[in-house]
Amino acid sequence: MPIHNKEIGDCFDQVADLLEIGGANPFRIRAYRQAANTVSRLPRSVAEMLKQGEELSELPGIGKDLAGKIVEIVRSGKLQLLEDLKKKNPPGITALLQVPSLGPQRVKKLNKELKVKSLADLEKAAKEGRIRGLGGFGEKTERRILEALQRTHGVERRFRWMLAKQMTLPLLDYLRKSKRVKDLEVAGSYRRRKDTVGDVDILATSESPQEVMDRFTGYEDVSKVLAQGETKATVLLRTGLQVDIRVVPEASYGAALLYFTGSKAHNIALRKLAQDRGFKINEYGVFDNKGRRLAGRSEEEIYRFLKMDWIPPELREDRGEIAAAQAKRLPRLVDWRDIRGDLHVHTEASDGQASIETLARRAQEKGYEFLAITDHSPYVGITHGLDPKRLRAQIKAIERLNGKLRGLRILKGIEVDILEDGSLDLPNEVLKELDLAVGAVHGHFQLTRKKQTERILRAMDNPHFSIFAHPTGRLLGERPPYDVDMERLMEGAKQRGCFFEVNSEPDRMDLDDAACRMAKEMGLRLAISTDAHALDGLDLMELGVAQARRGWLEKNDVINTLPLKDLLRALDRG
DNA sequence: GCCGTTTTCGGCCCGACTGTTTTCAGTCG
């Protein structure tokens, strides 16, 4: 049973949690966290790298010791250090660290003095008023803990990016109406375009921060003000979304934007770089040792000062972007303007809402050169999928429309189900009449890793298979990805001349950033598609592009940036 | 635990806000 990178990462994260509660050296804890991040984001399987005899200690943040621990996990399936730590600590105690206002010190104290071992214990102690008596705790802290527990039931809550956007835009409009607000921008993971965000960070410049603060906390959708100072405030919206605001003077705008955009790991790496050269970076600017400000008005100014190119927010995760920016070798990320068409779209013939013609008109408005109609095949009954007869009728309709349209070519396609045995849900006689077939898994998610992988490889053996749609099957916050050997699938797709999809549906967004980057490094090209089920669905393209950018993808890595002629050649496996 | 054209030991990003405190530890991002 091969060990996956994520399992190793989780293992190190657990060690970090337990070390934290044990009061270990914070830098040792950070080392484990960094290693967890490095390993779980690695484009290649660590177990595989070991097999090839590669030196793991060459990975950033992995030294001799951690490399040895990875070997231990891969060989034995467990880590002795973690087992020992688990013995010393009650299971479930690390869940307490997720409760806002509880850090390692307080968790330790709660455990020691009140025998709190779980979220349930915590809730009970808070309800009985036993927490307020503890040194360093008080009534307010106790109430805050209780509120947090009742709000989240202990589960970390993240919002899909799109949902966060819908809640944030009206708030921005509201803030902009104030004459006191000059610049206003959303920073944080929202600006880095993570597919889900934990909270929203807003940055503003103003000469009277207090008034901006007051306006912010007075917003009608605010259900609770969690903190409010002179330049910084945190509120909870009615929907449960947490929003932070930070107000700085204009001269610090760039530094504050950089700081507030993160990621934390990126900031630490930059600050350390500056420190090594005798400078200090904080949210107000770059300073020398005499406290003189040397840069800070814009992000560009700061990166330039550090002798590197400006780094797009999507890349700021401390995964090699800093070295690339220093070497002036950052990728030229794919841009939504590079996109020449959409390769996964549904119509009213299956479970979509719009007609082919309306979709085509909208595609023309977008300046697209092509639009692939890919309704469902029959397998998923509820989608009213197309059987060969209906599909042939659709093909005819598309051909008629193509005769009428100027500048846009409608491609004949299908989203064909990959059946349990890896065969496709429609016969080759009809598939061969199409321009492309987008293959997808909509059932039998629970197969073993080996079976699932082989099932999909077998589907790709079919010469009519073009693009593997939503390749992990995950639904954010609802359904985890099914278990497959992604590396093997990507290798298989590349050999066979197939492509993978980046799905732009806000609750899918797979491939994720790490998998996009893995594909890029393996030389497998991707299609960024909307999977639109209605007219407005075509506008989701920008989300898929954002995900692709997080995965370092460039124009040449994406097939729907190709001119129609080249695209058709790429899709032709013959 | 990692790391190194100042270093193989001694550093490790930096500041705001809260609550419980009489000056600051803990948490957060």
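Only heavy atoms go into these numbers, but all of them, side chains included; no hydrogens, no water, no symmetry mates. Residue numbers begin at 1 in each chain, while the letters A, B, ... track the order of the sequences.
Summarising the geometry, the separation between CZ on R33(A) and C1' on dG29(B) is reported as 14 Å, rounded to the nearest angstrom. Rounded to whole Å, the distance from CG on L134(A) to P on dA25(B) is 18 Å. In this structure, CG of D201(A) is placed 19 Å from P of dG15(B), rounded to the nearest angstrom. At whole-Å resolution of the value, CZ in R271(A) and C1' in dG11(B) are 18 Å apart. Put simply, CG on L102(A) is 14 Å from C1' on dG19(B), counting in whole angstrom units. R246(A) places its CZ atom 13 Å from the P atom of dG29(B), with the value rounded to the nearest Å. The CD1 atom of I21(A) sits 15 Å away from the C1' atom of dT27(B) (whole-angstrom rounding). If you measure from atom CG of N267(A) to atom P of dA16(B), you get 15 Å, rounded to the nearest angstrom.
Paired with D195(A) under the rule salt bridge (Lys or Arg N to Asp or Glu O under 4.0 Å), one option of R160(A), R158(A), R474(A) passes, and it is R474(A). A salt bridge (Lys or Arg N to Asp or Glu O under 4.0 Å) with D557(A) is found for exactly one of R332(A), R517(A), K520(A), namely K520(A).
S263(A) places a side-chain N or O within 3.5 Å of a backbone atom of R316(A) that can act as its donor or acceptor partner. N5(A) contributes a side-chain N or O that, together with a main-chain N or O of V46(A), makes up a donor-acceptor pair within less than 3.5 Å. Between the Y174(A) side chain and the R215(A) main chain, a donor and an acceptor come within less than 3.5 Å of each other. Under the 3.5 Å distance criterion, the side-chain polar atoms of D288(A) are left unmatched by any main-chain donor or acceptor of F279(A).
Remark on DNA chain B: of its neighbouring residues L97(A) and T141(A), the 5'-side contact belongs to T141(A), judged by nearest-heavy-atom nucleotide. Nearest-nucleotide assignment on DNA chain B puts the 5′-proximal partner with F137(A), out of G103(A) and F137(A).
The phosphate of dC13(B) (OP1 or OP2) has a side-chain N or O of R30(A) nearer than 4.0 angstrom. At the phosphate of dG29(B), OP1 or OP2 sits under 4.0 Å from a side-chain N or O atom of Q242(A). Residue S101(A) places no side-chain N or O under 4.0 Å from the OP1 or OP2 atom of dC28(B). Remark: R28(A) is in phosphate contact with dG1(B), judged by side-chain N or O atoms under 4.0 Å from OP1 or OP2. Within the 4.0 Å cut-off from OP1 or OP2 of dG19(B), at least one side-chain nitrogen or oxygen of K140(A) is found. Between Q275(A) and dC12(B), a side-chain N or O to OP1/OP2 separation shorter than 4.0 Å is present.
Taking the C1' atom of each, dT5(B) and dG1(B) are spaced 24 Å apart, rounded to whole Å. The gap from the C1' atom of dC13(B) to that of dT8(B) amounts to 24 Å, rounded to the nearest Å. dC9(B) and dT18(B) are spaced 45 Å apart, taking the P atom of each and rounding to whole Å. Comparing the same atom, C1', in dT7(B) and in dC2(B) gives a spacing of 14 Å after rounding to whole Å. To the nearest whole angstrom, the two P atoms, one in dT22(B) and one in dC28(B), are 22 Å apart. Between the C1' atoms of dG11(B) and dT6(B), the separation comes to 13 Å (whole Å). Taking the C1' atoms as reference points, dG26(B) lies 11 Å from dT20(B), given to the whole Å. A distance of about 16 Å separates the C1' atoms of dT23(B) and dC17(B), rounded to the whole Å.
Using a 4.0 Å heavy-atom criterion, one finds that Y284(A) contacts the sugar-phosphate atoms exclusively. If you check every strand for non-hydrogen atoms under 4.0 Å, E230(A) touches sugar and phosphate atoms only. Residue E142(A) is classed as having no contact, given no heavy-atom separation below 4.0 Å to the nucleic acid. Residue-level contact check: T234(A) touches neither bases nor backbone, having no heavy atom under 4.0 Å from any strand. Contact annotation for N282(A): backbone-only contact, meaning every heavy-atom pair under 4.0 Å involves sugar-phosphate atoms and none involves a base. Using a 4.0 Å heavy-atom distance criterion, K69(A) is classed as a sugar-phosphate-only contact. As judged by a 4.0 angstrom heavy-atom cut-off over every strand, P104(A) is placed among residues touching the sugar-phosphate backbone only. Backbone-only contact: I281(A) has heavy atoms under 4.0 Å from sugar-phosphate atoms and none from a base.
Taking the side chain of Q228(A) as heavy atoms from C-beta on, and the options dA16(B), dT18(B), dC12(B), the nearest nucleotide is dT18(B). For D244(A), whose side chain is taken as the heavy atoms from C-beta onward, the closest listed nucleotide among dC13(B), dG26(B), dG29(B) is dG29(B). The nucleotide whose nearest atom lies closest to any side-chain atom of F260(A) is, among dA16(B), dG29(B), dT27(B), dG29(B). Nearest to the side-chain atoms of K232(A) among the listed nucleotides dT27(B), dA16(B), dC12(B) stands dA16(B).
Residues satisfying the side-chain contact (heavy atoms from CB on, under 4.5 Å) criterion with R132(A), sequence neighbours excluded, are E139(A), E142(A).
Applying the ring pair (Phe, Tyr, Trp, His ring centres under 6.0 Å) test to residues at least two apart or on different chains, none of the pairs has a partner in residues 229-276 of chain A.
With a cut-off of 3.5 Å on both Watson-Crick or G-U wobble distances, the partner of dT8(B) is given as none.
Relative to the six-membered ring of Y284(A), R293(A) misses at least one condition, a distance below 6.0 Å or an angle of at most 45° to the axis.
Ion pairing between K88(A) and D84(A) fails under the 4.0 Å rule for side-chain N and carboxylate O. Looking at R488(A) and E48(A), no side-chain N of the basic residue comes within less than 4.0 Å of a carboxylate O on the acidic one, giving no salt bridge.
Under the 90° criterion around 0 for the glycosidic angle, dT22(B) counts as anti.
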Show each protein N/O and nucleotides 2-7 of chain B N/O combination with a separation under 3.5 Å, one pair to a line.
{"residue": "dC2(B)", "atom": "OP1", "partner": "G63(A)", "partner atom": "N", "Å": "2.5"}
{"residue": "dC2(B)", "atom": "OP1", "partner": "G63(A)", "partner atom": "O", "Å": "3.4"}
{"residue": "dC2(B)", "atom": "OP1", "partner": "L66(A)", "partner atom": "N", "Å": "3.2"}
{"residue": "dC3(B)", "atom": "OP1", "partner": "G61(A)", "partner atom": "N", "Å": "3.1"}

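For N25(A) and dG1(B), a side-chain-to-base donor-acceptor distance below 3.5 Å is present, hydrogens and geometry of angles not being considered.
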